Number of protein chains: 2
Amino acid sequence: MAEKIPKPVSKRLVSYYMCLERLIDEGVEVVSSEELAKRLDLKASQIRKDLSYFGEFGKRGVGYNVEHLYNAIGEILGVKKEWKLVVVGAGNIGRAIANYAVMREKGFRIVGIFDNDPSKIGKEVAPGLIVKDVSDLERFVREEGAEIGVIAVPADHAQGVAERLEKCGILGILNFAPVKIKVSVPVENIDITAALRVLTFEIVRRSR
Amino acid sequence: MAEKIPKPVSKRLVSYYMCLERLIDEGVEVVSSEELAKRLDLKASQIRKDLSYFGEFGKRGVGYNVEHLYNAIGEILGVKKEWKLVVVGAGNIGRAIANYAVMREKGFRIVGIFDNDPSKIGKEVAPGLIVKDVSDLERFVREEGAEIGVIAVPADHAQGVAERLEKCGILGILNFAPVKIKVSVPVENIDITAALRVLTFEIVRRSR
DNA sequence: TAGATTGTTAATCGATTAACAATC
DNA sequence: TAGATTGTTAATCGATTAACAATC
């Protein structure tokens, strides 16, 4: 331990967590790294290695207690807590996020949504969620103690919004704008157009 | 050349393409790998190496002609063409995709959207886009010659939908459901909840 | 105890980067 | 020509995997 954790581990950790959730639903109580590997299309040794960065969670000769491992990974991922989100941008993506009920179930609660378009401000875009003026962003984030900022504004506004979020104490950013954001807090990017381009590249490549 | 292309190259290729688009907007005519690297936060030698898998695009001592490289990468990515998409699932995500105008501008045209919920079928969810019964999916895909399927259904239906799409000749899948889909065509995954979990993991990790 | 499966080490594999000859 | 920057090789770095001792 105290070893450096390879970057791909975090994504896999999330996939382990989701797989264990499913195993709990199925009523499975104990699972081996081999069985997990089969379900996730990975190597068993990779799963054991990944887990070893965080501790020892299994019983030799037996496997992993599903519920115990699930809780342990949940702890590592910061799942316990309810996270408060603000969404900046009330266009298509912002509104879809605001209405994406699954997030709430998983512990991500949207506490505010903002836009600079006067025709959008004041509108209720999801049950109980009224679009606020983005000029009120900083005050709101501080008062509500929001921790995650979701950027759903056009590309040319994304960096500016990110800097504002960073300054008022946001801990992490989920960015839907197709630009590389430079801030000191962690950023996760979701770029639908980029994903489509990677897909068409793969399609074109295979057809040769 | 004829060398195996590392997996991360495709994502970077897309980022080069987007960066060159911006450079064209800025009126820049020639760019060095050094300048590109600075903008994308990469190493210049990585960019040169990546490009070398596909050919020679620069002039030694000079750099790359922005427009020429842009077109060359566009060719590699399969950008020229207009791609026809069908969206399966007319919930929040499906509808957001249907309304995401940016995609159309980039050459991704949504030709159909499907659901199995009778209360949704027949509704117009985007200008000119009426939700169709998913039982009509196969016929429609074949007749329209749709190439890309977007899966925006709940996790437990995703694999089934994917297999149906595969069978009727879809060339690639963009999957929003939080499950690993097993088909022989290329799949790109977008999982918002998973991205949020990776983000909170990073937040929790840094706070230690 | 015998069989199974973990946790961990060491070997392998793949991707990135530095360095430099080629050449504009 | 001299200076700059590419394309490519070889060295380095990091991640994955096989193998196995530890142990349930």
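Chain letters run A, B, ... following the sequence lines, proteins first and then strands; every chain starts at 1. Note that the structure is a prediction, hence the values are computed from the model and not measured.
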Can you classify the ring geometry of A/F201 versus B/F54 as parallel (below 30°), tilted (30 to 60°) or perpendicular (above 60°)? perpendicular

Name the pairing partner of D/dA21, where a pair is Watson-Crick or G-U wobble with both distances under 3.5 Å, or state none. C/dT6

Find which nucleotide of DNA chain D each of B/V62 and A/G61 is nearest to by heavy atoms, and output the residue with the more 5' nucleotide. B/V62

Close residues, residues 12-31 of chain A, relative to DNA chain D [heavy-atom separation under 4.0 Å]: A/R12

Once you apply a heavy-atom cut-off of 4.0 Å, does B/K7 come out as touching a base, just sugar-phosphate, or nothing? sugar-phosphate

My understanding is that only one of A/V88, A/I97, A/V150, A/L129 makes a side chain to side chain contact (heavy atoms under 4.5 Å, CB included) with A/I113; could you say which? A/L129

Should the heavy atoms of other residues, nucleotides or ligands under 6.0 Å from CD of B/E34 be counted, would the total exceed 12? no

Angle class for the B/F57/B/H68 ring planes (parallel below 30°, perpendicular above 60°, tilted otherwise)? tilted

Note: contacts of residues 33-48 of chain B with DNA chain D (heavy atom, under 4.0 Å) are B/S33, B/R48

Cationic N near anionic O, under 4.0 Å, A/R142 to A/E138: no

Mapping B/K59 and A/K49 to their closest nucleotides on DNA chain D, which lands nearer the 5' end? B/K59

Salt bridge B/R39-B/E26, side-chain N to carboxylate O under 4.0 Å: yes

Would you grab the first and last nucleotide of DNA chain C (5' to 3') that comes under 4.0 Å of any non-hydrogen atom in chain B? C/dA15 to C/dC24

Quick one, A/L196 with B/L85, criterion side-chain contact (heavy atoms from CB on, under 4.5 Å). Give me CA distance, side-chain angles, the key distance, then yes/no. CA-CA 10 Å; A/L196 280 168; B/L85 279 63; 4.2 Å; yes

Between the side chains of B/E166 and B/S184, is a donor N or O closer than 3.5 angstrom to an acceptor N or O? yes

G-U wobble or Watson-Crick pairing nucleotide for D/dA11 (cut-off 3.5 Å, both distances): C/dT16

Output yes when a side-chain donor or acceptor of B/T200 lies under 3.5 Å from a complementary backbone atom of A/L77, and no otherwise. yes

Side chains of A/V111 and A/F140: does their closest heavy-atom pair fall under 4.5 Å? yes

side-chain contact (heavy atoms from CB on, under 4.5 Å) assessment of A/M103 paired with A/K106: CA-CA 5 Å; A/M103 275 176 26; A/K106 307 273 180 188; 5.8 Å; no

